[in-house]
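The chains referred to below are lettered A, B, ... by the order of the sequence lines, with proteins before strands, and numbering in each begins at 1. Since we're looking at a predicted model, the values are computed, not measured.
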Amino acid sequence: MKPLRRLLAARRLDELAPAQKFVVYAPLLAWTAIVLFPLYWVIVTSLKEPIDVADGPYYIPFVDFRPSLHAWKYIFFDLGRDTLRPYLNSVIVSSAATLVAVLIGAMAAYGLARMEYRPSVGSVLLFVAAIALAALMSFWGGVDWRLALLAGLAIFAIALRMLGRRFRRRLANHDILFWVISQRILPPVVTAIPIYLMFKELGLLDTHSALIITYATVNLPIVVWLMYDFFCAVPRELEESAQIDGASRLRIFFDVALALVRPGLVATSLLVLILCWNEYLLALFLSTVEAQTMPLLVAAQNATRGPQWWYMSVLIIIMILPVIALTLLLQRFITKGLLVGAIKG
Amino acid sequence: MKENAPRLLSKSVTLDGVGKSFGEVRVLRNLVLEAQPGEFLVLLGESGCGKTTALRIIAGLETASEGRVWIGEQDVTDRLPKERDVAMVFQSYALYPHKTVAQNIAYPLVVRRVPEAEVAARVKEVAQSVQLGQLLERYPRQLSGGQRQRVALARAIVRRPSVFLMDEPLSNLDAKLRGHMRAELKHMQYRLGVTTIYVTHDQVEAMTLAHRVALLDKGVLQQLDTPARIYSDPANLFVAGFIGSPPMNFLKGRLADGAFEAPGVRVPAADRSRQARVVMGVRPEDCTLADPAGGQLRGQVYSIELIGDHTLVTVLVGEQEVVVKAANTFEARMGDTVALRVNAGRVYFFDADSGARIR
Amino acid sequence: MKENAPRLLSKSVTLDGVGKSFGEVRVLRNLVLEAQPGEFLVLLGESGCGKTTALRIIAGLETASEGRVWIGEQDVTDRLPKERDVAMVFQSYALYPHKTVAQNIAYPLVVRRVPEAEVAARVKEVAQSVQLGQLLERYPRQLSGGQRQRVALARAIVRRPSVFLMDEPLSNLDAKLRGHMRAELKHMQYRLGVTTIYVTHDQVEAMTLAHRVALLDKGVLQQLDTPARIYSDPANLFVAGFIGSPPMNFLKGRLADGAFEAPGVRVPAADRSRQARVVMGVRPEDCTLADPAGGQLRGQVYSIELIGDHTLVTVLVGEQEVVVKAANTFEARMGDTVALRVNAGRVYFFDADSGARIR
Amino acid sequence: PSSAKEFDGVTVNVMTFTGPQIAEPLQRRAPDFEKLTGAKINVITVPFSDLYQKLLTDWAAGTNSVDAAVFAPQWMVDYVTGGYLEELTARVAKDRALKEDDVAPFFRDFSQKYSGKTYLIALDGDFHMVYYRTDVLKKLGRKPPQTWDEYLEIAKAAHNKDWNGDGKPDFGSCISKKRNAQAYWWITSISAAYIQSQGTAQGAFFDPRDLKPLTNNEAFATALRFYKDSTQYGPPNEINLDVGDTRKLFISGQCALTLDWGDIGTLAIDPTESKVKDKVGAVILPGATRVLDRDTGKLVGCDRKRCPYAVHGINHAPFAAYGGWSGGINAHANPKVKDAAYAFFSYMSQPAQSNVDVTLGKTGFNPYRISQFKDMSVWTRAGMSVEAAKNYLGAIEASLNSPNMVLDLRIPQNQRYQQVVLDTALARFLAGELDVAQTMQTIESGWNELSNELGKDKQLAAYRASIGAK
Amino acid sequence: MKPSSLGDVFDRQARAAFVLPSVLIILAFSIFPLLVSAYLSLVRFQIAPGGYTLHFVGWSNYRKLLFGSEQFHFLGTFGEVGALEWTLIGAAALWLLAAFVRYLRGGAWSLAGLAGRLLATAGLLAVAVLCAYTTGGAGRLGSFTVTLFYVTAGVAAQFLIGLGLAYLCTLPVRGRWFFRMVFFLPLMVTPVGIAYMFRMIADTTVGPLAPVWNAVGLRQISWAADPWLARIVVVIGDTWQWVPFMFIVLLAALESQPRDQIEAAQLDGAGGWRIFRDITWPSIAPVAASVVLIRLIEAFKIVDLPNVLTNGGPGIATESMTLHSFIAWRTLDLGGSAAVAYMLFFASTICCVSFFHFVVRAARRAQGA
Ligand SMILES: Nc1ncnc2c1ncn2[C@@H]1O[C@H](COP(=O)(O)OP(=O)(O)OP(=O)(O)O)[C@@H](O)[C@H]1O
Ligand SMILES: Nc1ncnc2c1ncn2[C@@H]1O[C@H](COP(=O)(O)OP(=O)(O)OP(=O)(O)O)[C@@H](O)[C@H]1O
Ligand SMILES: [Mg+2]
Ligand SMILES: [Mg+2]
C-alpha cells in the first residue's frame with residue numbers, strides 16, 4: 001500500500017510521482033528523439049562526401065565514414081557573397097516584416113477584442129466594388145494605378161453619400177475576424193503573379209520593401225487571430241483601471257494589454273518570423289538578384305544533377321541557427337501565472 | 001464639518017435619474033443622488049444592491065441605460081473615463097501584475113508626465129501612509145490580500161483627482177490598520193476636500209467617515225442623510241433594520257389607545273392614531289433589563305453572548321426575540337424570566353405592510 | 001461548547017514547527033498550532049502576517065520550508081491537496097469563470113461522483129443558505145463582489161470535508177448578511193463538528209465564532225486561547241493592543257510605591273514591584289468620566305465622536321491620548337477639563353521594552 | 001585596359017539556374033570576357049525548377065530585367081511565339097569565330113533553329129545514351145545492348161548481384177521514373193526506336209501529316225511494356241527516383257545499366273563522387289528491328305525502305321531530350337546590350353572555350369561539336385582513360401551523326417502535352433492504375449483534346465516547323 | 001479638457017485607428033489578386049506574338065475538373081460503392097438531418113444561418129459520397145480527396161500531439177526549456193528543406209532507416225510505390241513540421257491560465273485529468289479552436305512535401321490540390337491552375353466557415369468573450 005502510494009502519488013504539487021515521471025518523460029523524450037534525429041541526419045550529411053551519401057546509410061562521422069568540410073567550404077567560400085547576400089536579406093526582410101505584422105496585427109486584434117464594430121454590409125460591398133473598379137481600370141484599362149485608386153475612392157465616397165442611409169444589415173466583429181483569416185485561403189500559386197504585377201506597377205520588384213510589405217500582409221491574419229484570443233483572456237478590469245488612471249487607449253494598449261499577453265505575443269511573433277524566414281514562392285517572384293532570400297538558395301540545390309544533399313544540409317543548418325538563438329532568447333517570456341494577484345474574484 | 005472643507009478644485013457629483021440594466025436584470029432604478037463639492041458620501045446597501053455599478057457609472061466604465069451623470073458643471077455622461085478626472089479603488093483591486101508596487105502606485109502620475117523626482121517622492125509618501133514602505137519592489141503576486149488592497153488604495157490617493165470613488169477599500173485590513181487608514185482617509189479628505197464617494201459594509205466606518213450616507217436597496221435609494229439622522233431617524237423599516245449592529249429589534253403588534261401592544265408587550269405611545277398592523281422598533285442599547293416587577297416587556301432569557309466590552313442578551317418576548325445590550329458584568333441563566341424597559345424617546349413605529357415610518 | 005460537538009469524522013489539525021520563506025522573505029516562523037477535532041479556530045493577525053500562507057500550507061497548496069503538517073493521525077506534509085480532504089474558501093474566491101454559479105457550487109460533488117439528484121438538492125440548499133437562490137444560472141462575471149464571495153463560500157460548505165479552511169469568507173458582505181452568515185456558519189459547524197480554521201479581521205466575528213483564537217504577528221504565534229481570555233488576559237502588549245476596538249489605551253509611566261505614575265496620572269497598584277519603564281493598558285470601556293474633583297487621570301477633552309449607540313471621547317492626559325467610551329448622551333466642549341477613573345481590576349501592566357505582561 | 005573596348009560600360013544580365021552546372025562556366029569566363037570586350041556579364045541564377053516561369057514572367061510582363069538567358073531550347077517555342085527572343089540568323093552568319101560548321105548537324109539545323117530561323121547559340125549537347133558497367137558486362141560475357149530487348153536481358157542477368165562489393169545486392173537497370181521529373185523523356189527514348197525511322201523530320205510524337213498522336217499503337221505499347229518490365233530489375237523505389245538519384249546510384253556502382261544524358265561520362269571520372277572510374281561504357285540508345293507502320297499502327301520488320309538509317313538492320317533513334325542548354329537573347333533589350341550578349345554567347349561557344357568546358361564535370365556542358373570528340377587529349381587530360389574516352393565519345397559521335405535523331409517536342413504548350421498528359425499517364429501506368437491500352441488511350445485523347453483546345457492547325461504548323469517537315 | 005495630446009487624438013478615433021491599418025492593407029492586397037485569379041480561372045492563357053492572350057472560355061476549366069478529362073485527377077476515379085458505405089452515408093445524413101431539425105426547433109433561425117447550414121450539410125454529404133466512390137473497389141482518390149485526407153489526418157495528429165506536448169511542458173518537469181526549444185525546432189526548417197530532408201530519411205536504400213526497413217524484410221518493397229503508404233509518409237512529414245505551431249501557441253495559452261482556479265479544483269478533489277478537462281480546457285478552447293482553424297487553412301495548401309517527396313506519385317496518389325494547381329501553372333495552364341485554386345478556395349472556405357461558426361465561435365461564446 002504505502003510503497004504503491006509513493007510510486008503513484010506525487011508528494012507535492014511541484015513534483016511528480018515516479019510513475020507519473022515515466023508517463024510524462026517517456027513521450028517527451030520520444031518526441032525529442034523524433035525531432036532531433038532528422039536534424040542529426042542533416043548535420044551528418046553536411047559532413048559527407050557525395051559518394052558517402054550515395055551508397056548506403058552511414059551514421060557516425062569518423063566511425064563509419066570520413067567527414068569532410070567540402071560542403072561547408074563550398075557554401076562559405078566558393079559561393080561566399082552569394083550566400084551572405086541572401087542571408088542578410090532574409091534577416092532584414094523577415095525581422096522587419098515581423099515587426100510590422102505583429103504591431104499592426106496586434107492592434108487590430110485588440111480593437112476587435114475590446115471594441116464593437118458594426119460596418120454595414122452595403123458600404124463594405126460598395127467599397128470593395130469601388131476598389132475592384134480601380135483595379136480593373138489599372139489592370140486592363142491601363143490607367144495609371146494612382147489615378148485609378150483615386151477615382152475608385154471618389155466613386156465610393158459619392159455612392160456612400162447617396163446610398164449610405166439605405167443600408168440596414170450590419171456586420172459584427174466576428175465577421176471581420178473571419179474575413180481577415182479568409183485572406184489566407186487562396187494558395188500563393190495563383191496570387192503570386194498578380195502580386196508580382198502589382199509590385200511591377202509600383203516599381204518595387206527585387207527590393208526589400210516589396211518582400212517586407214508582402215510578408216507583413218500575408219501574415220497579418222495569423223497575428224490578428226492568435227492575438228485576438230489572447231487579448232480576450234485578459235481581464236478588462238486591468239484596462240479599466242488604466243483608463244481611470246488616465247492612460248490613453250494607445251498607452252493602455254502598450255503599457256497594459258501587450259504586457260499581459262506577452263506569452264501569446266512572443267509565440268505569435270516567433271511564428272510569424274519563422275513563416276517569413278522560410279517563405280519561398282513569393283520570394284521567388286518578387287526578387288531577382290538584390291533581394292533573393294535563403295529559401296531560394298536551398299531550393300536551388302536541386303538542379304540537373306539531383307539534390308545536392310550536402311549543400312542543402314549546410315544551408316538548412318545555417319538557416320536554423322539564428323532562429324534557435326532568437327527562440328532561446330524569447331521563450332523565457334512564455335511563463336506561468338502572469339495574472340496572479342491582479343484581480344480579486 | 002463639510003462647510004469648512006476647501007472648495008478650490010472639488011466638484012459636485014450628480015446622478016440624475018440613472019438606471020442600469022444588464023440584459024433583463026435591472027440593477028439600478030432611477031437613481032437620483034448628489035454629492036456636494038468636497039462632500040464625503042458613503043454608499044451603503046446590501047450585497048448586490050448596485051453600489052459598485054453606481055461607482056462604475058460615475059467613473060464612466062459602464063454606460064447608464066438611462067439618466068445622466070454630472071461632475072461639477074459638466075455633463076460627463078458621454079465622456080471617456082480618463083476625461084472625468086476621477087480616481088477609483090476597485091473592489092477587485094485590478095493591480096497591474098507586471099508592475100512592481102512602486103510602479104503600480106506611480107502609474108497615474110507617470111501617465112500624466114509628472115516629473116520623475118516628484119513621482120518618486122509622492123509614491124514614497126503614499127506608500128508610507130498605507131504602510132507599504134517596505135514592499136515597493138514587490139510584484140502584486142508577492143503580496144498578501146490586504147497588502148494588495150492597500151496598493152489599490154495607494155494608487156488612487158496618489159493623485160489629486162476631482163472625485164474619489166472607493167469601493168470597499170479597507171474590507172481586507174485588520175481592525176487596527178483599518179482604524180489607522182480610516183483616520184488617514186478622513187484627514188486627507190478633510191485637507192484636500194476632494195469629493196469622495198465611498199462604498200463600505202462597515203457601519204463604524206460609515207458613521208465615522210461620512211458627511212452623508214446614501215442607503216440603497218435593490219438599486220433604489222432609500223435614504224440620503226447624515227449618519228446621525230440615518231441612525232436616529234430612519235426613513236423606513238429597511239433603513240432601521242439595516243443600520244446598527246446588533247440590528248434593531250422589531251416587534252409586531254398594534255397601536256391601540258395610547259400604547260403599542262403585543263403578547264408580553266405594552267409600551268405607552270400617546271398621541272398615536274390607532275392602527276392594526278404595526279411594527280415597533282427599538283435598538284438593543286435602548287433597552288435596559290429591569291427588575292421583573294416593573295418593565296414594559298417581559299420574557300425569558302434565550303441566549304447570552306459575551307462580546308468583549310459588553311454582553312448581548314436575547315430575550316424571548318412572546319414568540320418574538322429581543323436583543324438587549326447589557327454590561328459585561330450581567331449574570332443570568334437561560335430561561336430566567338426578565339423584564340425590559342425601553343427608552344420611550346427611542347422607539348420607532350412602522351407600517352407593517354409598506355414598511356413606511358409612522359410619525 | 002466544543003466538548004459536545006460530534007467527533008465522528010472530524011479530525012485535528014496540527015502544525016508542528018512550520019516555517020515558510022519566499023526567497024529571503026520569512027513569512028512563517030516555527031509555527032506550532034493545534035486545532036482539536038471539531039474545534040473552530042480563528043486566525044487573527046495584522047494584514048500580511050501569514051494567515052493565508054498558513055492556510056495554504058495546511059491545504060497543501062504551499063509546501064512548508066520546515067516543519068510538518070498533521071491532519072488527524074496522518075502526517076500529510078507530503079500529500080497532495082486532493083488527498084487531504086479539506087475545503088477552502090480562497091481569499092481571492094478563485095471561482096471557475098466558465099461554470100455557472102450552480103456548476104461552481106456543484107463541482108466538488110460532481111468530482112466525487114455524487115448522484116445528480118443529490119447534487120442538485122445540495123446545491124439548491126446551500127445556495128439558499130448563502131442567499132444566492134436566484135442567481136444559480138449566472139456566471140461569476142455577472143455577479144457582484146459579495147455575491148462572488150458567497151459562491152466561493154458555498155462551494156466550500158457544499159461538501160463535508162474533514163477540515164474547513166476559510167480565508168476572510170465574509171469580508172465583502174454587508175453587516176446584516178454577515179451576521180446572518182455568521183450564525184449559519186456557527187450553527188453548521190456546531191452541527192457537523194468539522195474542524196474549522198477561520199481567518200478574519202472582524203473581531204466581533206472572531207469573538208462570536210471562535211472556540212479558540214490564534215493571534216499571529218509577523219509569522220510568529222503570540223497567543224492561542226479562548227476569545228474571552230484573549231480579551232481579558234492578553235499575553236503581551238501586541239495582543240492587548242490588537243484586540244478590541246477602539247483599541248486599549250496605553251500610558252507610559254513607572255511603577256513606584258504601590259501606584260502607577262505618569263504626568264497627570266496616578267493609579268493605585270498595590271503589590272507591584274517598582275519598575276522604571278512600564279506601559280499601563282486600560283480599555284476605553286473600563287474608563288468612566290468622573291467629576292473633575294475625584295478621578296485618577298485628568299486631562300482635557302480633545303475630540304468627541306458619536307458612533308451610533310455610544311460616544312468616543314478622546315482625552316489628552318499629559319501628552320498621551322486616552323479614549324473613553326461614554327453614553328451617547330454625553331455632553332462636553334473641546335478643551336473642557338475632565339477626570340477619569342479606571343476600573344482598577346481591569347488595568348494591565350507591560351514591560352515597556354519587551355512588551356511582556358507584568359503580572 | 002588602355003584602348004577603349006567595344007562594350008565598355010555595357011552590363012548584360014544573363015539568367016540561368018543556380019549552378020554549379022551551366023552557371024559555373026558563365027561566371028568563370030565572364031571576367032575574361034570583360035577584359036576582352038569591356039562588357040560586364042552579370043549572371044543571375046534562380047532555382048532550376050523555376051527558371052522557365054521566371055524567364056517567362058519577366059519577359060511576358062514586360063519587366064525585361066533579364067537581357068539574355070541560358071535555357072533549354074525546348075522552351076524556345078514559347079519564347080519565340082511570344083516574340084521575346086531575338087533572331088540571331090544574321091549574326092551567326094556573319095560570325096566566323098563561332099565556327100558554326102563545327103557544331104554537330106543536329107544542333108546546327110534543329111536545336112538552335114525554329115522554323116528555319118536561328119534563335120539560340122548551343123552551349124551544350126544533350127541527348128540520351130545508355131551507360132553500362134564495362135566490368136559487369138565482361139563478367140556476364142555480354143556486349144553492350146543494341147536493342148531494347150537485349151537491354152532487358154542484360155538487366156535481368158545483372159540484377160540482384162553485388163557489383164560494387166559492399167555486400168548488398170545491386171540492380172540491373174536504373175531508370176529514373178519519378179513523376180514530374182524526367183520519366184516522359186525516357187519513354188520517348190524507348191518508343192522512338194520503334195516509331196521514327198525516316199529521320200528527324202518524320203517526328204516521333206505526332207504524325208506530321210495530321211497531328212495524330214503516335215501514342216496509341218503497337219510501337220508505343222511495346223515501349224510501355226519495356227518501361228514496366230525494366231522496373232523489375234531496378235531499385236524497389238525506382239518509381240520515386242529522379243535522374244539525380246539514378247546518377248548517384250550508377251556512379252556509386254549500384255547499377256549495371258542506366259539511361260542518361262551525357263553527364264555520366266564526366267561524373268564517372270570525378271573521384272569525389274565516383275566509384276566506377278573507368279568502369280563505365282556508353283552506347284547509343286538501343287534500337288529496334290521492327291518499326292511502326294503509321295497507317296496500320298502495327299509493327300513491321302525493318303527494311304531498306306522503312307529504316308533507311310538502320311545499322312545492321314537495327315533502327316536507332318537517339319533522342320535529344322531537352323536539347324542542350326543554349327543561350328538566347330531578349331528581343332526587347334537595347335541593341336548595344338544585345339550585341340554584347342551575343343558576343344558573350346559566341347565567346348562561350350567558340351571551341352577555344354567550350355572544348356575545355358565540355359570536359360569538366362561541374363560545367364554540366366556535354367560535347368556538341370565535331371572537334372570535341374576528334375581529339376582525345378582534352379579528355380585524357382581531364383582524367384579519362386584512353387579507351388573510356390574512345391568509348392564515350394564513340395557513343396556520342398554515333399548519336400550525333402545519326403540523321404534519325406529525335407527532336408524533342410517543341411510546339412506551344414508542349415509542357416502540357418508531356419509533363420501533364422504523358423507524364424501523368426505514365427505515372428498511373430506504373431502505379432498500376434492503368435493498363436497498357438488504357439494508358440495509350442488516355443495519352444492520345446489527352447493530346448487530341450489539347451490540340452483542339454489550342455487550335456489543331458496552329459499546333460500542326462508549329463510541329464511541322466519545329467521538325468522541319470517538308 | 002486638457003490640451004489634446006497624441007493620445008487624445010487617437011482616443012477619439014480609437015475604434016477606427018486600431019483596425020483600419022490592418023483592414024486597409026489586407027484589402028489593398030487581397031482584392032486585386034482575388035479578381036485577377038478569378039478571371040484567370042475563366043480564361044485560357046496562351047502565349048502570342050507581343051506577349052500573351054487571355055482567351056475567355058467560361059466555365060470550361062471548371063467543367064474539365066468536375067466532369068471532363070481532369071475529373072480522375074481532381075475528384076478521382078470512381079469505383080463501385082458497397083452496402084456498408086451507403087449505410088454509413090445514410091447514418092451521416094440522418095445525423096445531419098437531426099442537427100437541422102434541432103436548429104429549426106431552436107427557434108432563433110435566420111435565413112443566412114439556414115443557408116449556411118444547408119451549404120455545410122450539402123458539402124459534407126457530397127464529400128462523404130465522393131469518398132465512398134473514390135475509395136470503393138477500383139476507385140482512386142483525386143487531388144481533392146487526397147487533400148481532404150491530408151487536412152483531416154494531418155491537422156488531427158498535429159493538434160493532439162501539439163496539445164499533449166504543450167500540456168506535458170507545463171508540468172513540473174526538469175529541463176522544460178530544453179524540451180520547448182527542441183519541440184519548436186522543426187518549424188524553423190524551411191519547408192522545402194524539410195521536404196528534402198524527409199526524402200533523405202525516407203529513402204529505403206540509402207536512408208538512415210534503410211537497415212530497419214530491410215531488417216523487416218521489406219527490401220524489395222518501397223513505400224513510394226504504395227499509394228496509402230506514400231500518403232501516410234507525407235502526413236508524417238507534415239505532422240513533424242507543423243506540430244510546433246500547435247505546440248507553441250497552446251503552450252502560451254496553457255501558461256497564461258489562472259493558477260488559483262487550478263488550486264481550487266485541486267482542493268475540490270479533482271485529479272490532473274479532470275482539472276484539465278473541466279478547468280483548463282474550457283479556458284484554452286478558443287485559442288485551440290483558432291489554431292486548428294488556421295492550420296486547416298494552411299493544410300489545404302500543402303504542396304512542398306508531396307512535390308519534393310513523391311512529386312505526387314505513385315500515379316497521382318499523393319497529389320494535393322495545390323500541387324495539382326502548381327503543376328498546371330508550371331506548364332503554363334494558368335486557367336486550369338486558377339480553376340483548381342478556386343475549387344480549393346471554395347472547399348476550404350466552406351469547411352472553414354463551418355468550423356468557424358460551429359466550433360470557434362461556440363468556444364468563444366462559452367468564454368463569454
Ligand atoms: N511570493 C511571495 N514572495 C515574497 N513574499 C510573499 C510572497 N507571498 C506572500 N508574501 C508575503 O508573505 C506575507 C504573508 O502573506 P499572507 O498572504 O499569508 O498574509 P495574510 O496574513 O494572509 O495577510 P492578509 O490578511 O492581508 O491576507 C506577506 O507579508 C506577503 O508580503
Ligand atoms: N453582467 C451582469 N449581468 C447581470 N447582472 C449583473 C451583471 N453584473 C452585475 N450584475 C448584478 O447587478 C447587481 C449589482 O451589482 P454590484 O456589483 O453593483 O453590487 P454591489 O452593490 O457592488 O454588491 P457588493 O457589495 O457585493 O459588491 C448584482 O445583483 C449583480 O448580480
Ligand atoms: Mg461591489
Ligand atoms: Mg490573506
Worksheet item: Between Q91(B) and K51(B), is a side chain to side chain contact (heavy atoms under 4.5 Å, CB included) present by the stated rule, with each step listed?
Response: CA-CA 10 Å; Q91(B) 189 170 11; K51(B) 304 181 293 296; over 6 Å; no
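Considering only heavy atoms from C-beta on, K218(B) stays 4.5 Å or farther from C49(B) through its side chain. No side-chain heavy atom of D167(B) sits less than 4.5 Å from a side-chain heavy atom of T200(B). A heavy-atom distance below 4.5 Å is found between the side chains of V126(B) and S129(B). With a 4.5 Å cut-off on side-chain heavy atoms, Y96(B) and R155(B) count as touching.
With a 4.5 Å cut-off on non-hydrogen atoms, F90(B) touches chain A through its side chain but not through its backbone. Neither the backbone nor the side chain of V158(B) has a heavy atom closer than 4.5 Å to any heavy atom of chain A. Heavy-atom distances place the backbone of A87(B), and not its side chain, under 4.5 Å from chain A. Heavy atoms of N172(B) lying under 4.5 Å from chain A belong exclusively to its side chain.
Salt bridge R236(A)/E62(B): absent, no basic N to carboxylate O contact under 4.0 Å. Between R122(B) and E125(B), at least one side-chain nitrogen of the basic residue sits less than 4.0 Å from a carboxylate oxygen of the acidic one, meeting the salt-bridge criterion.
Using cut-offs of 30° and 60° on the angle between ring planes, the pair F156(A) and F127(A) is perpendicular.
The choice from P97(B), G60(B), G145(B) that makes the most heavy-atom pairs within less than 4.5 Å of chain A is P97(B).
Applying a 4.5 Å heavy-atom cutoff, the residues of residues 253-279 of chain A that approach chain B are D255(A), V256(A), A259(A), L260(A).
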